Amino acid sequence: TKVQVGLLFGGNSGEHEVSITSARAIIKALTCGSNMNKYDVKPFYIQKNGVWQTGEIPQQVLDSGFALQSQSSQVWNFPSTASDMDVWFPVVHGPNGEDGTIQGLLTLMQVPFVGSGVLGSAVGMDKIAMKTAFAQAGLPQVKYMTITQSNIGSNPCILPKLYDDIDKNLGYPCFVKPANLGSSVGITKVYERQGLKPALNKAASYNHRIIIEAGVIARELECAILGNANPRASVIGEINYNSEFYDYEAKYTYGHSQLIIPAKIDDIINQKVQKMALQAFAAVNALGLSRVDFFYLEDTKDILINEINTLPGFSPFSMYPQLWAHSGVAFPELLDILIQLALEKEFASK
Ligand code: ATP
Ligand code: MG
Ligand code: MG
Ligand code: MG
C-alpha cells in the first residue's frame, strides 16, 4: 500500500504565493516516476484567512497557480480527512507555517512530518532568537540591535536614543527587519538617520519584534542541509542581483537575480561555509532540511552567517533543490529522502 502524504500549502502569511509555487513542483515530482508507486499525495490548502480546504479546491489552486479569495464569514475548520495521512509535507513559508505553529499541530496529531519540529522551526524563524542561538554556537555575524514595539510604546524617549545608538554602533547603510518573516518582506535598507523611522514603522507593521543590522558589502553564499542526526551539506551557491539588495522583487521576478552553482570560491571558503552551515543547523535544532545564508567579505575573507531558513523555497528553480541537483540529488529523489527522513525522525526524536 502507498504512503498517504498530506501536502500542506498556502497559509496565512506574506509568502502565500511562494508556497503555492513550491507545492505545485512538489506534487508534480511526487506523482511521477518511482515516487508514483510509493506515495499517494493529498493536497491541503490553507487560505489566506487560515481556513483549510480539501477536495477539489486545493487541486484547482495548484492547477491555476493563483490564491483563492477568502470569504470573511468562514471560520477555522479542521478537515476530517487530515487524520488519514501517514506523513505530512508542510510547505508553508513564513509565520503560521515555518515558525512552529503547524509543526505543533502535527506533533499533537502524532503524525510524522517533513522538516524541523516546534523548537527548530520557532528558533529558526525568529531572527532575534536565531542570532542568539548562533552567537551561543560561536558563529560570526554582523553587528545588530533589537527592539520590540512594547519598548517603543512604553517610553517616548526611546526612539531618539535608539537612533543615536544606531548612528554610533551600526552606521549606514543598516537593515531594518521584522524578526519573523522571509522573502525580504518588510525589510528596508536604510541609508541615513531620517530613513529609520519609516523603516521601523514598516517592520513593526509585520511583527512587534524588530532587528536592526549593520549593512555589509559582501558576496552572498547559500548552503543546503539535508538529514536528521547526521546531516550533510550541499555544494555552495552564490546569488547575484541587480538591485540594492536581494529584495522580494529580485527574488521572484524572472531575470532580476541569478543563482551561480557552484559558487566560484576557494576550497577553503567552501569547506568553511559547509561547516558553519552544519553548525547553524545544529544550533537551532533543525531537522530534515534547511538553507543557510552567508555573507562572504572577499577582502578580509571573513564569512558571516546571515540566517537559516528551515523551510526554504521549493520550486525547481529555487536555490535549495538546485543545490542538491548539483550535489547529485535530483528533485524527485530529494523529496523521497525528505519523506523518509520524516518517517525515521519519529523514532529519532524520542
Ligand atoms: P529569505 O527569503 O532568504 O528567507 P529574509 O526575508 O529572511 O530572506 P534576509 O536574508 O535576512 O531576509 O535578508 C534579505 C536580503 O537583504 C539578503 O539576502 C541581503 O541581500 C540583504 N541583507 C540583509 N541583511 C543584510 C546586512 N546586514 N548587510 C547587507 N545586506 C543584507
Ligand atoms: Mg529568511
Ligand atoms: Mg525564508
Ligand atoms: Mg535570506
Side-chain angles (χ1 to χ4, degrees), residues 1-13 15-16 18-63 65 67-68 74 76-118 120-121 228 287-289 310-315 320-321 331-332 334-349:
T1 59
K2 293 188 196 177
V3 177
Q4 298 290 313
V5 182
L7 178 67
L8 198 52
F9 71 104
N12 177 10
S13 96
E15 293 183 279
H16 187 97
V18 182
S19 170
I20 295 175
T21 311
S22 298
R24 275 165 71 112
I26 290 172
I27 200 160
K28 208 172 134 210
L30 280 178
T31 50
C32 73
S34 62
N35 283 337
M36 194 171 70
N37 306 320
K38 246 171 142 173
Y39 302 115
D40 193 8
V41 188
K42 289 239 167 21
F44 290 77
Y45 174 58
I46 305 178
Q47 286 179 250
K48 287 185 179 174
N49 64 357
V51 171
W52 290 45
Q53 296 286 357
T54 55
E56 311 267 283
I57 290 176
Q59 197 55 53
Q60 285 165 11
V61 173
L62 290 171
D63 290 341
L68 187 74
Q74 289 173 318
W76 192 80
N77 59 321
F78 191 66
S80 58
T81 48
S83 39
D84 301 336
M85 299 302 116
D86 299 318
V87 59
W88 286 88
F89 201 138
V91 266
V92 184
H93 309 296
N96 300 308
E98 195 172 342
D99 60 352
T101 48
I102 283 177
Q103 290 75 10
L105 179 67
L106 298 176
T107 303
L108 279 173
M109 284 165 65
Q110 304 187 38
V111 194
F113 55 90
V114 170
S116 296
V118 172
S121 303
N228 290 335
L287 283 173
L289 74 162
T310 54
L311 259 179
F314 229 102
S315 89
Y320 186 84
F331 194 67
L334 177 62
L335 299 178
D336 184 30
I337 295 174
L338 285 169
I339 294 174
Q340 295 306 320
L341 285 169
L343 294 168
E344 99 184 12
K345 184 176 69 179
E346 226 210 339
F347 308 102
S349 65

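These numbers come from a predicted model, not from an experiment.
To the nearest 0.5 Å, atoms CD1 (I27) and CG (D63) are separated by 9.0 Å. Here T81 contributes atom OG1 and K42 contributes atom NZ; the two are 7.5 Å apart, rounded to the nearest 0.5 Å. Here the OH-CG distance, from Y39 to L7, works out to 13.5 Å after rounding to the nearest 0.5 Å.
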Original post:
What do the steps show when you test D86 against Q4 for side chain to side chain donor-acceptor pair (under 3.5 Å), and what is the final call?
Top reply: CA-CA 5 Å; D86 299 318; Q4 298 290 313; 5.4 Å; no

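The aromatic ring centres of F9 and Y45 sit less than 6.0 Å apart.
Classification of the W88-F44 ring pair by plane angle, with boundaries at 30° and 60°, yields tilted.
Checking side-chain atoms of N12 against main-chain N and O of N49 turns up no donor-acceptor pair under 3.5 Å. Listed for the S22 side chain is no donor-acceptor partner under 3.5 Å among the backbone atoms of G313. Using a distance-only test at 3.5 Å, with no hydrogens or angles considered, a donor-acceptor pair links the side chain of K2 to the main chain of M36. Q103 contributes a side-chain N or O that, together with a main-chain N or O of G97, makes up a donor-acceptor pair within less than 3.5 Å. Checked by atom type and distance alone, the side chain of Q74 never pairs as donor or acceptor with a backbone atom of V51 at under 3.5 Å. Listed for the S116 side chain is a donor-acceptor partner under 3.5 Å among the backbone atoms of L287.
The minimum heavy-atom distance linking S121 with G100 is given by the pair CB-N, 3.3 Å. Contact between I46 and I102 at its shortest, heavy atoms only, is CD1-CD1, 4.0 Å. When all heavy atoms of H93 and V18 are compared, the pair lying nearest together is CD2-CG1, 3.7 Å. Considering all non-hydrogen atoms of both residues, A29 and N35 come closest at O-ND2, 3.1 Å. Taking each heavy atom of V5 and I339 in turn, the nearest pair found is CG2-CD1, 4.1 Å. Smallest separation of non-hydrogen atoms from Q59 and P43: OE1-CG, 3.9 Å.
Applying the ring pair (Phe, Tyr, Trp, His ring centres under 6.0 Å) test to F331 and every residue at least two apart in sequence or in another chain returns F314.
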